[in-house]
Amino acid sequence: MTLRKFLAAFALSAVFFPIAAVQASEMIADGAFDKGGDRIWASGGVSLSREDGKLCASVPAGGEPWDRLMGVNDLNFIPDTVYHLSARLESSVPRSIPVFVQRNEDPWTAQASFTVEAEVAMKPFSADFRATEDKAAQVIFHLGGAASPWRLCLDMLSVREASADEGAQIETTPAPAAKSGIAVDLTPRVNQAGYFADGPKRATVVSDDQAPLPFRLLDASGLVAREGMTEPMGIDPTVEAGTQVADFSSFQTIGEGYRLVVGGKESPPFSIGRDVYGRLRIDALSWFYPQRSGMEIRAEIAGEGYARPAGHIGLRPNDGDTSVPCLSGEAAARLFGDWSCDYQLDVSGGWYDAGDHGKYVVNGGIAVAQLLGTFERGVTFGGGASPVLSDSLSRIPETGNGVPDLLDEARWQLEFLMRMMVPDGQPLAGMVHHKIHDTEWTGLPMLPHLDPKLRVLHRPSTAATLNLAAAAAQGARLFASYDAAFAQRLLEAAKKAWLAAAANPVLYAPQSDGGQGGGDYADDDITDETYWAAAELYITTGEAPYLVALKASPHWAGPVFSAVGAFDWRSTAGLGRLDLALYSRTLAEDDRAMIRDSVISAAREFQALQGREPFGQIYRPGNSRFDWGSNQLILQNMIVLSAAFDLTGQRSFLNAVRGSMDYLLGRNLMNLSYITGYGSVWAQNQHSRWYANQVDDSLPNPPVGSLAGGPNSALVDDVAKEKLQGCVPQACYVDDIMSWGTNEITINWNAPLVYIASFLADAR
């Protein structure tokens with residue numbers, strides 16, 4: 001649940017204490033907590049009690065930081081006045097607590113933010129800040145996210161005008177600068193690819209100025225096309241600096257070469273038009289062809305630099321994927337106990353997962369599902385004219401075969417997924433092997449056909465089996481009009497996998513492969529995959545057993561969309577929820593209304609979150625730390641907004657998606673487009689063994705339409721550890737081929753890019 005939902009529900013869910021008169025300069029009525037006159041509230045299950053002159057909060061475990069709140073409302077600040085916040089705190093366990101000074105109401109504009117380090121012993125905390133607006137404000141403590149219940153006690157809480165000495169101190173202290181070499185200057189961060197003429201047009205400035213700044217919009221000839229003033233947005237904790245937003249949405253003149261100027265600093269050029277993402281849809285989808293395993297990549301289709309022989313087709317040096325044994329020996333025993341197999345499978349085809357040569361069913365399942373979802377969305381909501389129906393949409397060898405290119409690309413992966421199924425007559429028949437990859441990691445560069453390592457299958461898993469069930473069931477209904485026999489194969493495989501998973505409900509992938517040549521993709525919660533698979537099978541067949549399974553799921557009526565990421569390979573319940581809302585025709589009307597309402601409600605919460613983000617992205621993780629693959633998590637949240645638009649036709653949802661896309665295309669602290677080939681400056685050294693120009697200039701950079709993973713506050717690779725120490729969240733990124741933690745490309749990151757680019761190209 002998002003912060004907005006909690007704040008909007010104060011009157012119903014918060015715990016209040018009586019209001020008492022406030023002294024002229026002190027804004028907390030009873031900060032000593034000895035008169036019962038404080039105005040502190042709590043929500044999200046936090047309970048408050050007064051103990052020996054302290055206010056103590058009992059905080060339940062779990063949730064995101066903003067899911068458990070304590071705060072005080074209706075503080076009236078005078079703009080440009082310095083205030084002093086102080087308290088004494090003690091905690092049952094050491095905790096880092098985010099504290100925000102922000103507006104009382106939507107869009108919850110932040111004026112200041114701090115991190116309080118609470119310890120077991122009572123410890124003082126103080127901070128000064130300059131008020132930026134006269135709107136009613138609140139001081140709010142984010143308390144969620146702990147692994148177990150805990151307690152925080154406050155004493156001597158105070159918010160007052162700063163003394164002359166304190167005010168002088170803040171005058172000489174500039175706003176924090178972004179770290180890791182990212183300049184904090186007035187250069188406007190814009191969507192370098194362009195804005196829709198009839199859509200939102202916003203840019204972000206990083207500045208320590210407290211007052212609005214003048215901006216000018218220049219046309220290609222350098223003439224002033226529009227002037228305006230920025231809006232201060234306060235300190236953004238993801239950049240640890242002040243921010244302002246320039247909004248020129250009312251300007252709708254189509255053209256190229258526009259630039260925004262603030263304080264003498266000029267943005268990269270951008271366009272304003274009506275077709276902003278039509279080419280990106282093609283490039284992002286065409287990206288999958290050079291990722292194909294088991295197929296020659298032809299120069300006349302992919303481009304001269306991307307041509308290569310087929311990889312892993314049963315030839316030396318690695319014997320390929322046409323007859324692959326199971327992992328055996330000591331490594332298998334350590335990972336899987338007494339499991340083994342005595343068969344070999346042809347698991348050729350499919351897509352290489354990322355920058356290595358592994359193929360993982362749980363990543364491949366969500367990726368192909370989102371390509372199928374792109375097609376289904378275009379068919380259902382594209383008015384019969386969406387290019388997703390085209391047999392010449394992307395650069396693939398199947399163009400012109402009478403089947404839409406999107407389905408052709410999806411079929412390449414679906415065939416592989418079905419090949420990963422355990423054969424009849426074998427133990428665990430119908431289950432699906434979790435993954436196939438090399439027995440040892442290879443170095444860079446390494447073209448697929450030169451890979452010298454042995455390839456092995458890993459033990460089947462329940463999660464992989466349900467991934468196949470879901471993706472195959474979805475594919476069955478979409479291929480029915482183009483290839484009835486293939487559609488039937490898909491449906492039979494989906495049903496078989498469903499039954500096998502039910503018979504083996506806790507066959508989890510191991511937590512660690514010990515560096516055995518591929519990623520873990522461990523997952524010990526398959527309730528979300530079960531819900532997703534049941535949803536797709538029910539939508540396709542309308543059969544009662546799948547509805548029974550849906551209604552028995554903990555995800556049937558509960559929340560499934562998180563601001564940290566609505567869904568990903570590990571958490572797939574949101575995919576089932578969206579498809580039920582968009583495509584189910586056999587649900588009872590009250591059930592369908594409940595599901596649709598849950599999607600629309602989540603989208604509205606995401607809109608509120610976006611309103612608080614100075615860079616416009618629909619994403620705010622716990623403690624403002626960006627997660628691995630943050631760029632694709634932003635896209636997944638955007639897909640929820642796109643579904644709300646399709647369900648309601650409300651343009652505010654469409655414009656929210658448009659505004660969030662700005663971040664990926666340059667409206668970010670890095671002033672960088674994370675999509676190769678788009679904008680003025682873009683990511684071009686993503687982690688890959690065959691798009692490895694940075695280490696071998698005979699090889700290409702990644703193709704246009706490649707999405708970089710994006711900022712990752714967990715510095716997991718050596719390059720990030722060396723170059724990004726102390727980085728603020730939005731700057732925890734480096735365009736280096738060896739930074740696989742911030743800069744990899746993957747099939748399940750490019751698939752939602754295809755979905756959103758197609759949505760934005762079609763939606764009007």
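All values below were derived from every heavy atom in this structure, side-chain atoms included, with hydrogens, water molecules and symmetry-related copies excluded.
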Parallel, tilted or perpendicular: ring planes of [X] versus [Y], cut at 30 and 60 degrees:
X	Y	result
Phe567	Phe561	perpendicular
Trp628	Trp740	tilted
Tyr360	Tyr521	tilted

To the nearest 0.5 Å, tell me how far [X] [atom1] sits from [Y] [atom2].
X	Y	atom1	atom2	value
Ile366	Asn467	CD1	CG	8.0 Å
Leu578	Trp532	CG	CH2	12.0 Å
Thr648	Arg596	OG1	CZ	9.0 Å
Trp556	Ile595	CH2	CD1	4.0 Å
Gln488	Leu491	CD	CG	5.5 Å
Thr540	Tyr583	OG1	OH	12.0 Å

With a 4.5 Å limit on heavy-atom distance, are the side chains of [X] and [Y] in contact?
X	Y	result
Gln370	Val754	no
Ser386	Arg281	yes
Val368	Gln474	no
Arg459	Leu335	no
Met420	Leu457	yes
Leu417	Val432	no
Ser660	Ile634	yes
Val361	His434	no

Taking all heavy atoms of [X] and all of [Y], pick out the closest pair and write down the distance.
X	Y	value
Leu707	Leu753	CB-CD2, 4.1 Å
Val640	Ala602	CG1-CB, 4.3 Å
Ala487	Ala476	CB-O, 3.3 Å
Pro387	Asp762	CD-OD1, 3.5 Å
Trp749	Gly629	CZ2-CA, 3.5 Å
Ile526	Leu466	O-CD1, 4.1 Å

- Query: Do any pairs count as a salt bridge (Lys or Arg N to Asp or Glu O under 4.0 Å) and have a residue in residues 400-422, sequence neighbours left out, and if so which ones?
  - Reply: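 For residues 400-422, and leaving out neighbouring residues, the salt bridge (Lys or Arg N to Asp or Glu O under 4.0 Å) pairs sorted by first residue read Arg292-Glu409, Arg411-Glu415, Arg411-Asp483, Glu415-Arg489.
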- Counting only N and O atoms by type, is there a donor-acceptor contact under 3.5 Å from the side chain of Ser286 to the main-chain atoms of Asp283?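 Checking the backbone N and O of Asp283 against the side chain of Ser286, no donor-acceptor pair under 3.5 Å is found.
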- Query: For the side chain of Lys359 and the backbone of Gly349, is there at least one donor-acceptor N/O pair under 3.5 Å apart?
  - Reply: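 Yes; judged by distance alone, with no hydrogens or angles, the pair exists.
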- Do Arg689 and Asp451 pass the salt bridge (Lys or Arg N to Asp or Glu O under 4.0 Å) test, and can you show the C-alpha distance, the side-chain angles, and the key distance before you say yes or no? CA-CA 10 Å; Arg689 280 162 175 72; Asp451 177 7; over 6 Å; no
- Strictly under 6.0 Å, is that where the ring centroids of Trp498 and Tyr546 end up? yes
- Message: The criterion is side-chain hydrogen bond (donor to acceptor under 3.5 Å, both in side chains); which residues satisfy it with Asn504, sequence neighbours excluded?
- Response: none
Could you check whether [Y] and [X], counting side-chain N and O atoms only, form a donor-acceptor pair closer than 3.5 Å?
X	Y	value
Tyr538	Thr586	yes
Ser758	Arg377	no
His555	Asp528	no

- Item | Leu447: partners by side chain to side chain contact (heavy atoms under 4.5 Å, CB included), with sequence neighbours left out | Arg308, His449, Leu450, Trp690, Leu699
